[in-house]
Number of protein chains: 2
Amino acid sequence: MTTDDPRGRILDAAEALLRRHGPDKLAVVDVARALGMSHANVYRYFGSKTELFGELVARWLGRLEGPLAAIAAEPGPAPDRLKRWALTLHRQKREKVSVDPEMFAAFDKAAEMARPSVAGHLAHLHAQLTAILADGKAAGLWPGVTEHSALDVFTAISPFSHPALVLADGATDRSAQLARVIDLIDAGLRSST
Amino acid sequence: MTTDDPRGRILDAAEALLRRHGPDKLAVVDVARALGMSHANVYRYFGSKTELFGELVARWLGRLEGPLAAIAAEPGPAPDRLKRWALTLHRQKREKVSVDPEMFAAFDKAAEMARPSVAGHLAHLHAQLTAILADGKAAGLWPGVTEHSALDVFTAISPFSHPALVLADGATDRSAQLARVIDLIDAGLRSST
DNA sequence: CAAATTACAGATTTCAATATTTGTAATTCA
DNA sequence: TGAATTACAAATATTGAAATCTGTAATTTG
């Protein structure tokens with residue numbers, strides 16, 4: 001049974017075209033043609049090309065968030081979860097590059113015109129990190145946690161997940177280095193002031 | 001007295017053109033014309049356009065390194081120097097963006113074709129950071145310092161100096177956040193293992 | 001003979017005409 | 001009347017011919 005939700009069908013077609021032809025050749029006109037409808041009809045469901053791209057990016061980023069949200073919500077010691085959360089985020093991003101670099105570049109480019117989606121994604125990640133840090137503080141393990149900690153920690157490990165930097169490094173595995181950085185941060189959070 | 005060193009005069013002319021017209025309009029032909037010589041003569045002193053750009057970038061980056069090297073070589077407590085070193089690096093980069101964004105973009109673009117110069121720059125910064133960390137370890141303040149620490153610390157604070165990220169944030173001052181990240185790292189280095 | 005020049009082939013860039021795409025409005029369809 | 005279409009203006013992208021640039025070699029200058 002093919003879904004009857006027009007927005008979903010349009011997004012699926014757009015994603016398929018993005019995968020096939022890359023971001024430069026993704027036109028609303030082509031999406032419409034692939035679905036056998038006029039391009040004006042697409043504008044009934046999406047106010048603009050930017051909005052369509054935004055939904056596409058949000059959907060893609062949402063898929064990355066699932067496993068991370070699971071780790072953030074788990075019981076268990078916060079330091080362990082922090083490390084697994086960071087390593088998972090790094091691995092997810094790196095996988096996208098090595099498995100399908102063209103696709104990653106496509107979404108990287110697409111994200112340019114979809115700032116709000118990216119901001120939402122970052123807000124989700126920030127919330128997850130805040131939760132983990134709060135758990136560690138509540139358990140008395142991390143007296144150093146403050147209101148700024150989530151932002152600071154996320155910034156410090158961003159070189160391992162930021163698209164521009166992940167793209168630059170190509171497929172090199174930096175998990176070992178990330179693990180060391182997390183250990184350093186963990187140690188820092190264990191001391192007060 | 002104008003210098004008689006041809007390489008220096010060529011680099012000066014190239015830098016002036018880069019400032020005036022941006023990186024896309026910087027042609028060897030124009031550099032030669034500005035000096036009243038044939039472009040072929042420029043190739044007597046630089047093997048290629050890439051090499052010329054490389055020297056230009058190296059010179060520019062070298063100017064940033066001076067104040068940093070001074071801080072690294074100072075006597076005084078390592079944690080204090082680490083913080084000032086990191087803040088100075090951040091400020092230097094940010095100044096370039098806010099004072100003259102076009103110029104920064106020019107050198108960012110120029111750096112693309114001058115990878116070796118950038119690598120050399122990073123090697124210098126790495127060496128400075130290594131020295132500061134070694135001092136702190138020798139003083140018994142930072143038992144956590146290992147052979148990897150310089151790289152790890154540099155990576156963690158790279159969001160505050162990497163061109164792509166400094167450029168993205170525009171002129172926003174993130175010194176306060178950087179200071180917190182440094183404090184976190186400092187605390188981490190103070191604990192062993 | 002060292003320092004520069006002119007001459008030139010191949011690669012790259014520019015530019016303007018042409019075609020496509022975006023987004024809106026007026027119109028048709030069921 | 002809701003769902004789509006055709007029609008169209010303005011913005012954007014494509015294209016290919018002409019101009020420019022890079023890098024090398026042969027030649028000139030003092």
Side-chain angles (χ1 to χ4, degrees), chain A residues 1-57 102 105-106 108-117, chain B residues 1-57 102 105-106 108-117:
Chain A
M1 61 174 219
T2 54
T3 173
D4 198 24
D5 169 37
R7 282 174 65 95
R9 300 202 324 123
I10 290 168
L11 286 173
D12 289 344
E15 184 164 344
L17 284 179
L18 187 61
R19 291 197 133 87
R20 200 183 319 276
H21 299 302
D24 299 328
K25 173 63 190 167
L26 180 50
V28 175
V29 148
D30 294 326
V31 175
R33 186 159 34 231
L35 290 166
M37 62 173 63
S38 71
H39 80 275
N41 197 40
V42 171
Y43 281 88
R44 285 187 54 74
Y45 301 103
F46 295 93
S48 67
K49 181 181 184 175
T50 298
E51 187 186 320
L52 199 163
F53 260 75
E55 295 283 330
L56 213 51
V57 169
E102 201 177 59
D108 188 37
K109 160 125 196 188
E112 273 174 30
M113 64 171 69
R115 288 255 138 252
S117 301
Chain B
M1 65 174 218
T2 55
T3 175
D4 199 24
D5 169 36
R7 282 176 65 96
R9 300 201 325 122
I10 291 167
L11 287 174
D12 289 342
E15 185 165 343
L17 285 179
L18 186 61
R19 290 196 134 88
R20 198 184 319 275
H21 300 301
D24 299 328
K25 172 66 189 165
L26 179 51
V28 176
V29 149
D30 295 325
V31 175
R33 186 159 32 231
L35 290 167
M37 62 172 65
S38 71
H39 81 275
N41 196 40
V42 171
Y43 282 89
R44 285 188 54 74
Y45 300 101
F46 294 94
S48 66
K49 180 182 184 176
T50 297
E51 188 185 319
L52 199 164
F53 260 74
E55 296 282 331
L56 213 50
V57 169
E102 199 178 61
D108 187 39
K109 160 125 196 186
E112 272 174 31
M113 63 171 68
R115 287 256 141 252
S117 301

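Here is the naming used below: chain letters follow the sequence lines, and residue numbers restart at 1 for every chain.
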Checklist entry - Atom OG of A:Ser117 and atom CZ of A:Phe53: how far apart are they, to the nearest 0.5 Å? => result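 Nearest 0.5 Å value for the OG-CZ distance: 11.5 Å.
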Mind calculating the distance between [atom1] ([X]) and [atom2] ([N]) to the nearest angstrom?
X	N	atom1	atom2	answer
B:Tyr43	C:dA7	OH	P	19 Å
B:Leu26	C:dT12	CG	P	17 Å
B:Phe53	D:dT22	CZ	C1'	13 Å
A:Arg44	D:dG2	CZ	C1'	7 Å
B:Met113	D:dT22	CE	P	9 Å
B:Leu52	D:dG23	CG	P	10 Å
B:Asp30	D:dA19	CG	C1'	14 Å
A:Arg9	D:dA3	CZ	P	14 Å

Of the options [options], whose atoms approach the side-chain atoms of [X] most closely?
X	options	answer
B:Lys49	C:dT21, D:dA4, D:dG23	D:dG23
A:Lys25	C:dT22, C:dT21, D:dA7	C:dT21
B:Ser38	C:dT5, D:dT5, C:dG23	C:dT5
A:Asn41	D:dT6, D:dA4, D:dA7	D:dA4
A:Ala40	C:dT21, D:dT22, C:dA25	C:dA25

Checklist entry - Would you say the side chain of B:Leu52 lies within less than 4.5 Å of the side chain of B:Tyr45, judging by non-hydrogen atoms? => result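 A side-chain contact under 4.5 Å is absent here.
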Next on the checklist: Heavy atoms only, 4.0 Å cut-off, all strands: where does A:Val29 land among base, sugar-phosphate and nothing?
Outcome noted: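 Base contact.
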Checklist entry - Are B:Arg9 and B:Asp12 close enough for a salt bridge, meaning some N to O gap below 4.0 Å? => result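 No, no charged N to carboxylate O under 4.0 Å.
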Checklist entry - Are any side-chain N or O atoms of A:Glu15 and backbone N or O atoms of A:Leu11, one a donor and one an acceptor, separated by less than 3.5 Å? => result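 It does not hold such a pair.
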Next on the checklist: So, applying salt bridge (Lys or Arg N to Asp or Glu O under 4.0 Å) with A:Asp30, which one of A:Lys49, A:Arg20, A:Lys25 is it?
Outcome noted: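 Among A:Lys49, A:Arg20, A:Lys25, the one that satisfies the salt bridge (Lys or Arg N to Asp or Glu O under 4.0 Å) with A:Asp30 is A:Lys25.
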Checklist entry - Under 4.0 Å between a side-chain N/O of A:Tyr45 and OP1 or OP2 of D:dA4, yes or no? => result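 Checking D:dA4 against A:Tyr45, a side-chain N or O does come within under 4.0 Å of OP1 or OP2.
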